[in-house]
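Note that the coordinates shown come from a computational prediction; the quantities given were computed from them, not determined experimentally. By convention here, the first residue in the shown sequence is residue 1.
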Amino acid sequence: MPETANTKVWFITGTSSGLGLHLVKAVLARGDLVIATVRDKSKLENIEDRFPAEDSPEGQRLRVVDLDVTLGIELISRVVESAIEVWGRIDVLVNNAAYAEIGAFEELGSRAFRAMYDINVFGVIDVTNAVLPHMRERRSGTIVQVGSRLAWEAERPGRSIFASSKAAVHAFTESLASEVLPFNIHVLSFQPGGFRTEAILATPIHSVNPIRDYDDLRTRMVDRLTVATEKVLVGDPRKGMNVLVDVVRGEGKAQGNQLPRYLVLGPGAAEVVIEKCRVMQEAAQEWRWVTEDLWLDT
Ligand SMILES: NC(=O)c1ccc[n+]([C@@H]2O[C@H](COP(=O)([O-])OP(=O)(O)OC[C@H]3O[C@@H](n4cnc5c(N)ncnc54)[C@H](OP(=O)(O)O)[C@@H]3O)[C@@H](O)[C@H]2O)c1
């Protein structure tokens with residue numbers, strides 16, 4: 001498929017599996033060009049079965065490159081510069097790479113938080129930092145930051161590590177969006193939930209540092225994860241990623257629409273966000289009498 005005025009070049013992180021891999025396929029099916037990054041190609045089993053063959057029409061519009069998002073800004077910038085050279089530009093950056101883990105805060109400890117934040121938060125920050133100069137110079141670009149529905153329902157045990165990392169991504173994204181809009185760079189806060197992917201099915205319950213007081217909680221978390229897998233994780237990642245491409249390209253289901261600021265996607269995801277907003281609204285109203293009359297006396 002030859003390049004047209006509408007052809008976009010996508011740079012997508014974390015495409016070895018799950019939503020990232022489905023997104024690569026959905027983007028290629030629209031005729032766009034993709035730099036798909038994986039943590040380490042040499043450690044990826046059956047890489048040739050995951051991605052379209054290099055000599056196929058779709059494979060010719062795809063480059064799979066190594067990128068561990070924890071490499072740091074200098075090395076990430078080099079990968080990004082090489083990626084830009086392939087088709088001369090990056091139109092759409094999707095910060096998809098992330099890691100999920102569940103555990104009681106005290107059993108996880110701050111070291112586990114730093115390790116997860118290195119991927120889920122600083123990975124997003126570094127890759128964004130590396131791509132932005134290019135988009136700013138071109139006065140054009142779209143950035144999709146992959147957050148999570150769980151940031152809106154963090155009030156259950158075991159979720160502090162993952163939910164807080166994604167909440168950081170949400171807040172970072174909101175402010176970033178307002179800073180780069182004058183350069184015609186549009187930022188989408190994408191908040192998926194409920195898609196049945198490899199990560200979700202394999203999400204480990206942290207038990208490296210077991211504390212007896214948390215034994216019951218750990219058992220409940222394992223039970224809940226099993227139930228969640230059957231009842232909550234009912235979203236089809238292929239359909240979900242097709243909708244994401246529609247939204248970014250303003251076609252299909254999103255025909256004629258501008259890129260929104262937020263996209264909450266997946267079975268039950270919208271309901272979670274709506275309920276959280278209701279609870280927060282109620283809390284703010286209910287305690288308003290305490291917050292009144294706190295102005296500096298003039
Ligand atoms: N599935 C859902 O419903 C859901 C819900 C909420 C949020 N999300 C978010 O959606 C995104 C995709 O999740 P998924 O469900 O598709 O999970 P997944 O299948 O595990 O995909 C995560 C990807 O991130 C990659 N990754 C992890 N650490 C990395 C690193 N240091 N450098 C580069 N790549 C790294 C993984 O690569 P390796 O194979 O090398 O580990 C994998 O390709 C994540 O941001 C996740 O938090 C998904």
(message) Is the ring pair Y117/F113 parallel, tilted or perpendicular, if the boundaries are 30 and 60 degrees?
(response) tilted

(message) Under a 3.5 Å threshold, yes or no: a donor from one side chain and an acceptor from the other, between S56 and E54?
(response) no

(message) Under a 3.5 Å cutoff, is there a donor and acceptor pairing between the side chains of N95 and T128?
(response) yes

(message) In the structure I gave you, are the side-chain heavy atoms of T173 and F190 within less than 4.5 Å of one another anywhere?
(response) no

Could you tell me whether the side chain of [X] and the main chain of [Y] form a donor-acceptor pair under 3.5 Å?
X    : Y    : result
K41  : V64  : yes
R159 : I102 : no
D246 : K253 : yes
H134 : R89  : no

(message) Holding to side chain to side chain donor-acceptor pair (under 3.5 Å), I want the full list of residues that pass it with K276, two or more places apart in sequence or in another chain.
(response) E155

(request) Sequence neighbours left out, what pairs pass ring pair (Phe, Tyr, Trp, His ring centres under 6.0 Å) with at least one residue falling in residues 3-36? (result) none

(message) Which residue in the set V144, T13, T37, V24 passes side chain to side chain contact (heavy atoms under 4.5 Å, CB included) when paired with V94?
(response) V144

(request) Run through V180, L176, L93 and flag the one making a side chain to side chain contact (heavy atoms under 4.5 Å, CB included) with I185. (result) V180

(request) Output the rest of the hydrophobic cluster of V272: all Ile, Leu, Val, Met, Phe, Trp and Tyr residues reachable through side-chain heavy-atom contacts under 4.5 Å, sorted by chain and number. (result) W152, V264, V273

